[in-house]
Amino acid sequence: MNAPTSFDKASALREKLVVIGNGMAGCRAVEEILARDPERFDITIFGAEPRVNYNRIMLSPVLAGEKTFDEIVLNTAEWYAENGIELVGGDPVDHIDRERQTVVSRSGRAEPYDKLLIATGSDPFIIPVAGRDLPGVVTFRDLDDVDKMLAAAGQGGNAVVIGGGLLGLEAAHGLSLRGMKVTVIHLMPTLMERQLDEAAGWLLKTELERRGQTILTGADTQEIIEKDGHVAGVRLKDGQEIPADIVVMAVGIRPSTMLAKTAGLDCERGVMVDDHMVTSDANVLAVGECVQHRGLCYGLVAPLWEMCRSLADHLTGTPSGYQGSVTSTKLKVSGIDVFSAGDFSGGDGAEDIVMRDAARGVYKRVVLKDDKIVGAVLYGDTADGNWYFDLLKKAEDISEIRDGLIFGQAFALGGGANADPNAAVAALSDDAEICGCNGVSKGKVVDTIRAGACSLDAVRSQCKASASCGSCTGLVESLLALTLGDEVQAGAKTLCKCTSFTHDDARRLIVEKELRAMPQVMQELHWTTPDGCASCRPALNYYLLCAWPGEYEDDQKSRFVNERLHANIQKDGTYSVVPRMWGGLTNPRELRAIADVVEKYDAPMVKVTGGQRLDIFGIKKEDLPAVWADLNAAGMVSGHAYGKSLRTVKTCVGSEWCRFGTQDSTGLGVKIEQMTWGSWMPHKFKIAVSGCPRNCAEATIKDFGVVCVDSGYELHIGGNGGIKVRATDLLCKVGTEEEVMEHCAAFIQLYREDAHYLERTAPWLERKGLEWIKAQMFDDPDTVRRLAARFRQSQKFMQNDPWAKRASGDRSDLHQHLATIRPALTEYA
Amino acid sequence: MQAKWLDIGPVTQIEPGMAATLPVIGGEEIAVFHTMRGEFYALVNKCPHKQGPLSQGIVHGDSVTCPLHNWRISLRSGEALGDDEGCVPTIPVKVDAGRIYLLREAVVPPTPAQRKAA
């Protein structure tokens with residue numbers, strides 16, 4: 001039975017098309033069909049919402065008060081009427097009867113079809129936490145949701161948005177503009193992590209915080225709190241509670257496939273369709289966010305337009321075939337320009353071109369592969385987004401314009417001369433400003449170079465161009481190249497390949513510009529890679545830690561494994577553990593604890609180290625926390641034998657036992673170790689105290705050595721017993737133990753604040769000169785005291801035993817396996 | 001029939017920029033990486049150079065630097081980058097609905113019967 005319900009003469013000849021879904025995809029498909037063959041179908045559209053078709057992606061501006069509903073309507077009631085389309089609004093389809101080729105709505109209305117189009121879109125994903133059904137918890141999907149949010153905003157108060165993706169941020173922006181105090185809770189560490197890389201995500205977070213929103217990243221929702229039958233707040237897994245009068249869940253969407261599934265159509269994540277948008281039933285088609293095409297589901301509007309074109313081509317007899325889409329996104333938050341397209345995750349053979357203009361808050365990254373653009377992320381200046389996207393989709397070879405590519409279309413295509421950045425600089429007039437920070441003109445830079453400054457560093461020191469924020473470094477380098485031709489000298493060694501800054505510059509700028517987080521450093525200092533490398537990340541982590549003690553949050557993922565796991569990795573992947581023995585002293589209790597650990601964990605070797613401590617070898621990563629717990633129980637703490645940090649204070653027996661000892665070197669060694677342990681440094685740091693000039697503790701090959709003499713204490717610095725043996729230089733002589741401690745703290749702090757990461761005191765001293773170090777410490781009578789005070793201040797935050805923390809379960813994930821894969825026994829039968 | 005993909009748990013168990021390990025009884029240890037850009041990769045947890053545990057290296061971009069001798073290994077191809085040469089086997093990973101899956105046949109060692117046939 002397939003009788004049409006209408007016996008209208010004209011329509012009886014037409015095929016009957018029923019569309020489930022009055023959204024953007026459903027209506028667009030109809031528009032495309034009408035444009036090709038307006039006479040072909042008799043059309044009925046079912047919509048769940050009781051209103052005409054509107055532009056769902058413009059709901060954000062409606063929420064933000066930038067547009068009204070009327071302004072986002074796509075097709076008015078007249079359009080339906082003019083095209084003879086019957087709209088069944090507010091009556092969703094309940095099921096599809098494929099055998100009878102009929103759909104039945106919730107109200108019981110049955111509509112037969114020749115062709116059926118499923119355009120049910122997607123459903124917002126609700127995270128399964130307690131309290132998700134409370135009044136006041138809304139999603140952000142349709143106009144009803146917007147109305148609920150507007151009603152809540154009318155009362156003022158607090159809003160919590162769960163989800164820091166496109167949709168969540170747009171909801172947060174709207175609610176914020178409507179006067180609510182907004183907190184965004186995002187599970188991942190950076191906002192919009194699917195569209196943006198870490199650098200752009202960080203800029204976005206900074207800007208939103210500047211606008212008064214609270215952004216909590218890495219925040220996992222535990223439950224939604226109720227009070228008086230209404231939502232009252234959100235509790236996070238870390239225990240934090242955020243008050244809320246409304247909670248918006250915007251964590252994602254998933255294809256709405258329920259109808260298709262119950263009708264027996266093939267579905268995976270979405271309704272499976274071929275290149276003509278036909279489902280597993282030849283008479284049923286599907287389009288939009290509800291479909292899965294070649295394994296992909298789309299949540300953006302551009303692919304939907306392309307699908308609708310292929311669908312209409314197929315239904316009107318000239319099949320074209322949908323090939324899948326490359327997508328781009330923009331954030332619709334007024335005043336924040338964010339653009340992302342394609343695959344910006346890099347990969348084999350992929351090259352990044354990164355431009356960071358800190359002053360303007362601009363970040364651009366274009367990813368190339370085989371001289372073609374494969375991805376782009378733009379923040380702050382998205383004017384060229386469409387141009388990059390176009391080059392990407394057309395897979396155009398960009399090798400000809402590569403030099404100027406990152407500067408945008410106008411620059412890159414501005415003629416042959418302009419495509420060379422050097423040529424653009426050459427064209428500048430002599431009085432054009434090169435360095436904005438220091439007001440240096442092009443003429444001045446060129447004069448400086450002609451006068452003999454042949455390197456970037458020389459230019460920086462002689463005319464100050466590029467010596468401050470460094471954003472003009474590229475321009476200065478161009479001027480060097482233009483002025484000197486091939487004579488340009490390689491600049492001072494940079495921190496790593498990710499930057500043109502040296503260690504010194506990076507350190508100085510972190511303090512001067514008050515940079516307090518790694519992505520901020522990378523942005524402000526124009527890093528050329530998205531997230532640095534294994535060289536710069538540990539260095540920056542240390543510099544930030546040194547600059548902002550107690551404030552900067554240590555970054556585990558930028559630490560070498562030894563420091564991350566608080567133990568030394570050995571060649572077989574096991575670890576060795578050295579507990580602290582203050583000044584080299586021990587007692588039966590500690591020795592027993594060590595012996596017990598060796599037996600209990602089957603450690604194959606124990607060895608006395610060069611620093612007079614005991615090293616337990618062959619401990620498995622997963623056993624480390626238990627080993628530490630046992631050692632902690634005997635009163636022992638981490639010896640930091642793994643760290644860029646104070647290792648040990650080696651001592652001799654001194655006046656207490658030795659017939660030559662002049663002072664209590666053992667006691668002093670213990671005091672010094674208790675003052676200095678736990679401090680992170682540019683490299684490992686060793687101290688020794690010898691009780692007499694016989695120097696049994698070998699203090700004159702240590703970073704800081706004390707040699708006790710009859711009249712007091714000789715302080716030695718810059719010794720090294722390592723690869724290149726270096727005996728210490730004498731820093732000064734002092735009279736009391738207190739002075740020894742004060743000078744030791746001051747010297748360490750000077751080293752901590754000045755040396756390059758991974759530079760031990762010996763090469764540092766040789767680079768800076770003994771006179772420089774003495775001048776830093778003694779030219780001003782107050783310097784030693786001030787340096788020592790800074791050292792003690794930072795020690796307040798550093799003298800925590802990392803073993804105790806870890807043994808109590810902190811970051812236990814670093815030590816455990818995710819799981820063990822055990823092949824089923826039957827597989828071996 | 002066993003599923004083609006082996007579910008090894010939610011994506012949230014590995015922080016971006018970090019890695020986690022999975023020993024396989026009778027096989028190699030596997031390292032699963034989560035890059036700062038949110039992608040997941042899995043490699044045999046052995047540097048092609050001196051078998052260093054790659055899972056313990058510093059992850060940057062889509063490569064990892066081995067903690068033993070600083071070899072840089074591509075997470076995508078398992079190949080040593082730069083001037084070094086060598087390759088470590090990769091294991092196909094997919095993420096679906098917030099969970100990480102490894103391709104079972106690449107993870108589970110062949111049975112004696114399969115080995116004999118091969």
Side-chain angles (χ1 to χ4, degrees), chain A residues 125 187-190 193-194 196-198 218 220 252 254 268-269 344-350 352 498 519 529-538 555-562 564-565 569-575 621-622 813-814 816-824 826-829, chain B residues 2 6 8-9 11-18 20-27 29-30 32 35-39 45-46 50-53 55-68 70 72 74-77 79 81 96-98 100 102 104 107-114:
Chain A
F125 185 71
L187 184 62
M188 303 308 277
T190 53
E193 76 286 344
R194 282 166 62 191
L196 302 182
D197 57 15
E198 199 191 24
D220 202 351
R254 56 176 163 207
E268 280 181 0
R269 279 182 60 213
F344 53 86
S345 56
D348 287 335
D352 285 319
C498 307
T529 48
D531 55 14
C533 70
S535 296
C536 59
R537 288 235 310 265
D555 184 27
Q556 289 282 304
K557 57 187 184 288
S558 299
R559 282 208 179 264
F560 186 65
V561 59
N562 281 1
R564 204 184 316 134
L565 293 186
I569 193 166
Q570 301 297 344
K571 63 184 280 188
D572 63 351
T574 64
Y575 292 80
K621 182 180 71 171
E622 51 271 35
D813 58 302
L814 292 175
Q816 287 153 4
H817 295 300
L818 273 186
T820 303
I821 299 177
R822 296 166 193 279
T826 50
E827 291 181 36
Y828 283 88
Chain B
Q2 284 185 311
L6 197 63
I8 59 162
V11 294
T12 47
Q13 65 194 338
I14 312 174
E15 252 178 66
M18 302 290 257
T21 48
L22 280 156
V24 180
I25 304 290
E29 190 164 287
I30 291 166
V32 182
T35 70
M36 306 263 260
R37 301 157 189 183
E39 299 180 308
N45 192 21
K46 273 185 179 177
K50 302 251 177 177
Q51 283 70 57
S55 58
Q56 304 306 308
I58 291 179
V59 179
H60 48 99
D62 53 6
S63 57
V64 59
T65 297
C66 176
L68 289 193
N70 286 336
R72 221 154 38 85
S74 162
L75 295 177
R76 286 175 185 258
S77 64
E79 306 237 10
L81 300 170
D96 191 22
I100 311 165
L102 301 182
R104 179 184 287 272
V107 172
V108 175
T111 63
Q114 286 168 332

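Within every chain, numbering begins at 1; the chains are lettered A, B, ... in the order of the sequence lines, protein sequences first and strands thereafter. None of these values were measured; they are calculated from a predicted model.
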Let me know if [X] has heavy atoms under 4.5 Å from chain B in its side chain, its backbone, both or neither.
{"X": "A/T529", "answer": "neither"}
{"X": "A/E198", "answer": "side chain"}
{"X": "A/R194", "answer": "neither"}
{"X": "A/L196", "answer": "neither"}
{"X": "A/R564", "answer": "side chain"}

Relative to chain A, which of [options] shows the most heavy atom pairs under 4.5 Å?
{"options": "B/G38, B/A20, B/S74, B/P16", "value": "B/P16"}
{"options": "B/S77, B/P53, B/G57", "value": "B/S77"}
{"options": "B/L102, B/V59, B/I8", "value": "B/V59"}
{"options": "B/E15, B/R72, B/K50", "value": "B/E15"}

[X] versus chain A, the contacting section by heavy-atom distance below 4.5 Å:
{"X": "B/L22", "value": "both"}
{"X": "B/P67", "value": "both"}
{"X": "B/E79", "value": "neither"}
{"X": "B/T12", "value": "side chain"}
{"X": "B/D96", "value": "side chain"}
{"X": "B/I14", "value": "side chain"}

Inset, instruction - Among A/S558, A/C533, A/S535, A/P538, find the one that has a side chain to side chain contact (heavy atoms under 4.5 Å, CB included) with B/I58. - result: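 The passing option is A/P538.
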Inset, instruction - Kindly say whether B/H60 contributes a backbone atom to a donor-acceptor pair with the side chain of A/D531 at under 3.5 angstrom? - result: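 No: the side chain of A/D531 does not pair with the backbone of B/H60.
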Inset, instruction - List for me each residue that meets side-chain contact (heavy atoms from CB on, under 4.5 Å) alongside B/N70, sequence neighbours excluded, and say none if there are none. - result: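 Partners of B/N70 by the side-chain contact (heavy atoms from CB on, under 4.5 Å) criterion, ordered by chain and then number, come out as B/T65.
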Legend entry - For B/Q51, side-chain contact (heavy atoms from CB on, under 4.5 Å) partners two or more places apart: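 For B/Q51, the residues satisfying side-chain contact (heavy atoms from CB on, under 4.5 Å) (neighbours in sequence not counted) are B/K46.
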Legend entry - Contact check, side chains of B/M18 and A/L814, non-hydrogen atoms, under 4.5 Å: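 Counting from C-beta outward, B/M18 and A/L814 do come under 4.5 Å.
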Inset, instruction - Kindly give the heavy-atom pair with the smallest separation between A/Q816 and B/T21, and that separation in Å. - result: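 Residues A/Q816 and B/T21, closest heavy atoms: O-OG1, 4.2 Å.
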Inset, instruction - Would you check, one step at a time, whether the test side chain to side chain contact (heavy atoms under 4.5 Å, CB included) holds for A/K621 with B/Q56? - result: CA-CA 10 Å; A/K621 182 180 71 171; B/Q56 304 306 308; 3.2 Å; yes
Legend entry - Interatomic distance, B/I30 atom CD1 to A/I821 atom CD1 [nearest 0.5 angstrom]: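 These two atoms lie 4.5 Å from each other.
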Legend entry - Heavy-atom pair count under 4.5 Å with chain B, highest-scoring of A/Q570, A/Q556, A/R559, A/R537: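 Going by pairs under 4.5 Å, I would pick A/R537.
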